[in-house]
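Below: one structure, written as structure tokens.
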Amino acid sequence: MKNTEAILVTPKQFEIQECDMPIPKENEVLIRVEYVGMCGSDIHGFEFGPFIPPKDPNQKIGLGHEVAGEVVAIGNKVKKFKIGDKVIVEPGVPDGTCDYCKTGHYNICPSVDFMATQPNYKGALCEYMVHPEEWVYHLPENMTTLEGALVEPAAVGMHAAILGEAKVGKSIVIFGAGAIGLMILQACRSLGATDITVVDILEKRLDLALKLGAKRVINGKENDAVTMLRSKEMYGDNGVELVFEAAGTAFTTKQAVQVVARGGKIMIVGTQSKPVEIDFLKINREVTIQTAFRYCNNYPQTIEAISSGRFKVKEMVTHIYDYAEVQKAFSDAIDPIKKAEIVKGVIKVKNKEI
């Protein structure tokens with residue numbers, strides 16, 4: 001068997017290169033990769049390079065961390081898996097020894113080895129990869145590996161929804177109907193919430209939000225979303241109990257501040273790449289602002305939600321590219337015209353030659 005990996009040789013330029021076939025250690029499984037989702041962080045890394053550049057200029061840069069595939073070999077101490085099992089990968093491996101790990105917050109472990117980031121920058125866009133058994137999950141029989149690759153972004157939405165305390169009867173607004181915004185929508189729905197409004201500027205995404213369970217949508221390009229949300233016909237002067245910022249823009253963050261209710265909560269899920277000015281006078285009535293980072297102990301619940309049909313990730317996939325098309329896939333994702341059509345892109349790695 002041969003192995004290859006997609007390496008970012010420079011920003012905006014991938015090259016598929018031959019590489020060593022990894023040998024699983026005693027507690028690792030060797031996985032033949034089938035699908036890899038295209039995360040917003042991967043797309044940013046493709047366009048501009050890693051958020052944190054490697055110290056060694058010769059360090060190979062891989063991308064991709066939303067991954068599912070098939071076990072083809074196991075280490076001699078692996079107990080949960082056998083050859084032929086279909087599996088889902090949780091891409092972060094924490095050190096397990098720091099105070100954060102010991103108190104159940106492994107997602108903020110400062111020494112976590114997260115795929116496609118420092119220290120090794122090893123991405124999932126490859127034909128074969130190894131991963132510790134502890135951070136691999138069985139794929140339910142009624143789920144495809146395509147759905148399995150989308151457990152990772154779905155878990156981001158689930159983690160944010162749980163931190164925000166989404167539940168039956170709570171009023172919720174989500175700014176941003178990209179992949180993560182739509183994952184948050186479905187996570188909130190899976191927790192029982194129904195009064196959910198989604199705001200975006202692209203009709204295609206808003207149509208999908210309605211299909212996935214939003215009670216209403218607002219086109220923020222054609223309407224003043226704040227005025228509509230604070231109208232008597234919607235939430236009025238009371239405001240919204242739970243607001244998710246999933247667009248990653250200063251504009252929508254400021255809108256979140258203007259619509260949140262007294263004693264409400266704003267969940268910052270989108271990546272804010274620049275400082276944002278906040279008018280705290282508007283939220284000095286015991287409003288909570290909380291950030292969400294990845295996920296923590298959310299994979300089992302997320303897998304169950306997808307397997308049961310409450311969480312529909314496959315409907316979000318708008319573009320599937322072959323592994324050989326990885327350059328085109330990411331070029332499309334940063335193209336000013338084409339990217340507007342992509343809600344969720346996925347790379348199909350497995351092919352007849354593997």
Side-chain angles (χ1 to χ4, degrees), residues 6 29 31 33-46 51 62-70 86-94 106-109 112-117 121-126 129-140 143-163 178-187 190 246 248 269-271 292-307 310-320 329-330 333 342-350:
V29 295
I31 299 168
V33 176
E34 294 192 10
Y35 285 96
V36 179
M38 297 168 61
C39 176
S41 64
D42 296 321
I43 295 166
H44 181 279
F46 172 77
F51 281 107
L63 294 177
H65 57 266
E66 304 173 4
V67 55
E70 180 181 344
K86 299 289 187 176
V87 293
I88 302 160
V89 172
E90 182 168 351
V93 180
Y106 68 81
N107 58 319
I108 53 174
C109 168
V112 64
D113 184 359
F114 197 89
M115 294 179 70
T117 64
Y121 296 89
K122 179 68 176 177
L125 285 168
C126 57
M129 59 171 282
V130 291
H131 206 66
E133 173 187 34
E134 181 181 1
W135 301 102
V136 178
Y137 301 82
H138 286 282
L139 182 80
M143 281 176 60
T144 65
T145 44
L146 171 62
E147 293 171 304
L150 299 180
V151 167
E152 199 274 350
V156 172
M158 187 67 78
H159 183 60
I162 291 171
L163 285 180
I180 294 301
L182 294 174
M183 292 296 190
I184 294 169
L185 163 64
Q186 295 198 77
S190 76
V269 189
T271 299
F293 187 64
R294 294 175 182 159
Y295 31 76
C296 187
N297 300 309
N298 299 112
Y299 260 56
Q301 183 177 5
T302 305
I303 292 169
E304 192 280 329
I306 296 171
S307 177
R310 301 194 314 276
F311 210 128
K312 302 181 186 301
V313 293
K314 192 184 298 184
E315 283 80 349
M316 293 174 51
V317 177
T318 53
H319 293 69
I320 299 177
F330 281 83
I342 301 174
V343 176
K344 186 63 182 179
V346 176
I347 308 295
K348 183 180 180 180
V349 177
K350 181 181 177 182

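Values below: all heavy atoms of this structure, side chains included; hydrogens, waters and symmetry mates excluded.
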Would you indicate whether the side-chain heavy atoms of [Y] and [X] approach each other to under 4.5 Å?
X: Met183; Y: Phe311; answer: yes
X: His65; Y: Ser41; answer: yes
X: Ile303; Y: Pro140; answer: yes
X: Gln301; Y: Ile162; answer: yes
X: His159; Y: Arg294; answer: no
X: Glu34; Y: Lys86; answer: yes
X: Val151; Y: Met143; answer: yes
X: Leu125; Y: Phe330; answer: yes

Verdict with supporting geometry, Met38 and His319, side chain to side chain contact (heavy atoms under 4.5 Å, CB included): CA-CA 10 Å; Met38 297 168 61; His319 293 69; over 6 Å; no

To the nearest 0.5 Å, what is the distance between [atom1] ([X]) and [atom2] ([Y])?
X: Ile88; Y: His131; atom1: CD1; atom2: NE2; result: 12.0 Å
X: Phe293; Y: Ile108; atom1: CZ; atom2: CD1; result: 9.0 Å
X: Leu63; Y: Cys126; atom1: CG; atom2: SG; result: 11.5 Å

Might you work through the side chain to side chain contact (heavy atoms under 4.5 Å, CB included) test for Met129 and Val89, ending with a clear yes or no? CA-CA 10 Å; Met129 59 171 282; Val89 172; 4.2 Å; yes

Test item: [X] side-chain N/O and [Y] main-chain N/O as donor-acceptor pair under 3.5 Å:
X: Thr144; Y: Glu147; result: yes
X: Asp42; Y: Gly64; result: yes
X: Tyr106; Y: Val112; result: no
X: Thr318; Y: Val343; result: yes

Yes or no on side chain to side chain contact (heavy atoms under 4.5 Å, CB included) for Glu304 and Arg310, after CA distance, side-chain angles and deciding distance? CA-CA 9 Å; Glu304 192 280 329; Arg310 301 194 314 276; 3.1 Å; yes

Between [X] and [Y], which heavy-atom pair has the shortest distance, and what is it?
X: Asn298; Y: Thr302; answer: O-OG1, 2.7 Å
X: Ala68; Y: Gly148; answer: CB-C, 3.7 Å
X: Ala246; Y: Ile184; answer: CB-CD1, 4.0 Å
X: Thr145; Y: Gly69; answer: CG2-O, 4.2 Å
X: Met158; Y: Ala305; answer: CE-CB, 4.1 Å
X: Ala154; Y: Ile306; answer: CB-CD1, 4.2 Å

Could you walk me through whether Leu150 and Val346 pass the side chain to side chain contact (heavy atoms under 4.5 Å, CB included) test, one step at a time? CA-CA 9 Å; Leu150 299 180; Val346 176; 4.3 Å; yes

Tell me which one of Glu66, Glu152, Glu315 satisfies salt bridge (Lys or Arg N to Asp or Glu O under 4.0 Å) with Lys344.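 Single pass found, and it is Glu66.
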
Check the angle between the aromatic planes of Phe114 and Tyr295 and answer parallel, tilted or perpendicular using the 30° and 60° thresholds.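 Judged by the thresholds at 30° and 60°, the geometry between Phe114 and Tyr295 is tilted.
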
